[in-house]
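See structure below.
All residue numbers in this chain count up from 1 along the given sequence.
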Amino acid sequence: MTEIFGIPIQALLGQLLLGLVNGSFYAVLSLGLAVIFGLLNIINFAHGALYMLGAFLAWMGLAYLGLNYWVMLAVTPVIVGLFGILIERTLIRHLYKLDHLYGLLLTFGITLLLEGIFRSVYGVSGQPYATPALLQGGVNLGFMYLPIYRAWVVLASLVVCFATWFVIEKTRLGALLRAGTENPRLVEAFGVNVPLVVTLTYGFGVALAGFAGVLAAPVMQVSPLMGSNLIIVVFAVVVIGGMGSIMGSIVTGLGLGVIEGLTKVFWPEASNTVVFIIMVIVLLLRPAGLFGKEK
């Protein structure tokens with residue numbers, strides 16, 4: 001059996017794949033946070049709860065309505081996005097001119113509310129969600145066994161992440177979004193409804209969390225606490241990549257997932273803290289993050 005640094009290559013590649021899958025979730029979730037903070041200047045602590053909401057909606061669609069994975073993968077981000085629009089229109093809109101702390105406290109309260117509702121109804125034990133039939137099984141690559149669903153998670157995440165980056169950074173719509181948040185009065189003078197643009201931006205950001213929740217449902221137990229267990233790491237990813245940096249969130253999320261996976265092979269005790277160690281080092285050397293811009 002081939003070994004690298006005394007580790008069987010099958011075990012090493014297996015952890016590398018697991019790290020890439022986790023990194024895909026980090027990338028999609030941190031991308032949503034970066035879109036919301038970069039364009040709206042709101043620290044959305046409710047992102048983890050909305051990720052959990054997406055997973056639960058997928059599970060409820062199957063358990064109560066018989067709607068399969070593919071239907072819920074398309075419908076759930078829309079529902080979560082509409083819920084986010086409701087939150088933005090009724091609550092967050094009043095905080096744009098206030099300190100970041102107010103938005104953080106509000107979204108933290110929304111997190112506690114959502115988690116409390118689902119815990120009271122479903123308890124803290126996880127709900128199983130079966131892998132869709134089309135994506136069950138795996139492929140034997142000779143040197144490792146590749147689960148089809150995990151490969152799908154990585155592919156779907158990459159497509160969504162880079163499509164989002166392209167739209168925001170390379171299209172006229174993205175330019176309009178950036179201009180509407182940087183100089184709203186000037187953009188409104190050209191007849192653009194800036195408040196509507198802001199609302200839709202927040203809705204899209206949280207829709208990404210809902211999308212990640214559906215992807216995660218067959219991989220993880222669907223539980224009320226699944227978002228709170230992940231959101232701290234995702235915030236660390238955003239800080240390392242640079243607050244508001246779209247490309248930074250994508251690259252850093254994937255990279256840190258891989259680093260975390262490899263750490264479990266070579267130094268398992270540090271796997272839960274390696275992301276935060278990297279965050280401390282980056283903040284000491286480059287406070288704006290790896291891809292952030294110094295102000």
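Residues that satisfy the side-chain hydrogen bond (donor to acceptor under 3.5 Å, both in side chains) test with Y51, not counting sequence neighbours, are absent from this structure. Every residue was checked against the side-chain hydrogen bond (donor to acceptor under 3.5 Å, both in side chains) condition with Y102, not counting sequence neighbours, and none meets it. Taking the side-chain hydrogen bond (donor to acceptor under 3.5 Å, both in side chains) definition, one finds that T164 meets it with nothing, sequence neighbours left out. Every residue meeting the side chain to side chain contact (heavy atoms under 4.5 Å, CB included) condition with M279, not counting sequence neighbours, appears here in chain and number order: A236, V239, I240, F276, L283.
Grouping Ile, Leu, Val, Met, Phe, Trp and Tyr residues whose side-chain heavy atoms lie under 4.5 Å apart, directly or via other members, places L196 in a hydrophobic cluster with V78, L82, I85, L200. Cluster note: L18 groups with no other residue, as no ILVMFWY side-chain heavy atom lies under 4.5 Å from it. Hydrophobic cluster membership of V159, counting Ile, Leu, Val, Met, Phe, Trp and Tyr whose side-chain heavy atoms lie under 4.5 Å apart directly or via other members: L155.
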Side-chain donor-acceptor distances from residues 69-77 under 3.5 Å, at least two apart:
{"from": "Y69", "atom 1": "OH", "to": "Y149", "atom 2": "OH", "distance (Å)": "3.0"}
{"from": "Y69", "atom 1": "OH", "to": "W152", "atom 2": "NE1", "distance (Å)": "3.0"}
{"from": "T76", "atom 1": "OG1", "to": "M72", "atom 2": "O", "distance (Å)": "2.8"}

Review item, side-chain donor-acceptor pairs of residues 28-39, under 3.5 Å, at least two apart:
{"from": "S30", "atom 1": "OG", "to": "Y26", "atom 2": "O", "distance (Å)": "2.6"}
{"from": "S30", "atom 1": "OG", "to": "A27", "atom 2": "O", "distance (Å)": "3.2"}
{"from": "S30", "atom 1": "OG", "to": "S249", "atom 2": "O", "distance (Å)": "3.3"}

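Residues in residues 70-90 take part in these salt bridge (charged side-chain N to carboxylate O under 4.0 Å, His left out) pairs, two or more places apart or across chains: E88-R93. For the ring-ring contact (aromatic ring centres under 6.0 Å, His included) condition, no pair includes a residue of residues 239-261, sequence neighbours left out. Each ring-ring contact (aromatic ring centres under 6.0 Å, His included) pair with one or both residues in residues 201-242, not counting sequence neighbours, appears once here: F45-F235.
Both I232 and M52 are part of a single hydrophobic cluster, where members link through side-chain heavy atoms under 4.5 Å apart.
Within a 6.0 Å sphere centred on CZ of F108, other residues, nucleotides and ligands contribute 12 heavy atoms or fewer.
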